[in-house]
Amino acid sequence: MRKLIIFAFIGFLAQLIDGSLGMAYGVTSTSMLLTFGIAPAVASASVHLSEVVTTAASGISHMKFGNVDRQALFKLIIPGSIGAFAGACFLSNLPGDLIKPYISIFLLILGMYVLFRFLRTSKTKSEKKSINLTRKRSITLGLIAGFADSTGGGGWGPITTPVLLSQEGVPARKVVGTVDTSEFAIAVSATLGFLISLGWQEVNWFWVTSLMVGGIIAAPIAAWIVTKLPSYLLGVLVGGFIILTNARTLLATWSLQDWVPVIYMLILIGWAGSLVFVIRNNKKGFHKD
């Protein structure tokens, strides 16, 4: 019962962040599962299988609140699905113990990217009505982000969301809603790739169900939050969380116990400083942009 509550909370927290920020369900969930000693391929497969349900719930919720750009959504789905399937097959054929530290490094880099990307984010004076995404750009972005999502257990949001937000005047809530909704197709493709390569017997249905329950509860809440709270604050929060979690995994893997207190302290100080900076830089950010 205790594990059920813990994994459901992980799913709730991950979906709350993902649905509000357009990223980090896979990264957050996979990071937490890796701390329990779960093999990267199995952890990523479990996360993506749970995402099939949570992203569907999230997509429906975002559509209800008008947070989705349908044109950009359809341009991202196909290349993203191909990249996710290829990434799942690639990861499934690698030894778990060998790839684990490299996956954690990848997640750590994503966490740093998320933090610094949103540390520089501020409110824009005017917004466009839609996301301007060309077919060529959508294919490149979809393939890379889809592949990274499967191999790292997360990456679709951390790569796609900042890239789309880099366009001046793009409505943040449309980016978040579109990325979250398109992730349903990516989750389905990645799951198929893992099931073909690993088989159903490798899936731990207890983890999957627990993550699903928490994610379904959080989905409509997150879709509402994205219309009310500033994304830059959540970006700094989740970026710091990912860095802290994966630093722990790497320290344990490399047997650097003597450095744990110092490194944790530096991360926490940097994280707290980032929060103070972003709040002061956006004093009027705690309402709908």
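One is the number of the first residue; the rest follow in order along the sequence.
- Scored by the side chain to side chain contact (heavy atoms under 4.5 Å, CB included) test, Thr209 finds Val213 as partners (sequence neighbours excluded).
- Scanning both residues, Phe65 and Pro220, for their nearest heavy atoms gives CE1-O, 4.2 Å.
- Panel note: side chain Ser182, backbone Val179; a donor-acceptor pair is recorded below 3.5 Å.
- Side-chain contact between Phe147 and Leu143: absent, with no pair of heavy atoms (C-beta onward) separated by less than 4.5 Å.
- Atom CZ in Phe9 sits 11.5 Å away from atom CD1 in Ile5 (nearest 0.5 Å).
- By the criterion of side-chain heavy atoms lying less than 4.5 angstrom apart, applied directly or through intervening Ile, Leu, Val, Met, Phe, Trp or Tyr residues, Ile217 is grouped together with Trp224 in one hydrophobic cluster.
- Taking the side chain to side chain contact (heavy atoms under 4.5 Å, CB included) definition, one finds that Ile267 meets it with Ile243, Leu244, Ala247, Ile263, sequence neighbours left out.
- Annotation: side chain to side chain contact (heavy atoms under 4.5 Å, CB included) contacts of Ala72 (sequence neighbours excluded): Asp69, Ile131, Leu133, Thr178.
- The hydrophobic clustering, which links ILVMFWY residues whose side-chain heavy atoms are closer than 4.5 Å, places Val68 and Leu164 apart.
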Return a table of donor-acceptor pairs under 3.5 angstrom between the side chains of residues 76-85 and protein atoms on other chains or two or more places apart.
residue, atom, partner, partner atom, Å
Ser81, OG, Ile77, O, 2.7
Ser81, OG, Ser189, OG, 3.4

Going through the distances and angles, do Cys89 and Ile196 end up as a side-chain contact (heavy atoms from CB on, under 4.5 Å)? CA-CA 8 Å; Cys89 294; Ile196 291 173; 5.7 Å; no
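- No donor-acceptor pair closer than 3.5 Å links the side chain of Ser58 to the backbone N or O of Thr54.
- Considering only heavy atoms from C-beta on, Thr160 stays 4.5 Å or farther from Val175 through its side chain.
- Cluster partners of Met265, using a side-chain heavy-atom cutoff of under 4.5 Å among ILVMFWY residues and allowing indirect links, are Ile269.
- Criterion: ILVMFWY side-chain heavy atoms under 4.5 Å apart, direct or through other members. Under it, Phe277 and Leu275 are part of a common hydrophobic cluster.
- Note: the hydrophobic cluster containing Val52 does not contain Met63 (ILVMFWY, side chain heavy atoms under 4.5 Å, direct or indirect links).
- For the side chain to side chain contact (heavy atoms under 4.5 Å, CB included) test, residues two or more places apart in sequence or in another chain that qualify with Ser50 are Tyr25, Val208, Leu211, Met212.
- No more than 12 heavy atoms of other residues, nucleotides or ligands sit less than 6.0 Å from atom CE of Met112.
- Cluster annotation: Trp259 and Leu268 are assigned to the same hydrophobic cluster (Ile/Leu/Val/Met/Phe/Trp/Tyr, side-chain heavy-atom contacts under 4.5 Å, transitive).
- A distance of 4.0 Å separates CG in Asp180 from NE2 in His62, rounded to the nearest 0.5 Å.
- Heavy-atom minimum distance, Arg135 versus Lys75: N-NZ, 4.4 Å.
- In terms of the side-chain hydrogen bond (donor to acceptor under 3.5 Å, both in side chains) criterion, Ser210 has no residue partners (sequence neighbours excluded).
- When every heavy atom of Ser61 is checked against every heavy atom of Ala57, the shortest pair comes out as OG-O, 2.9 Å.
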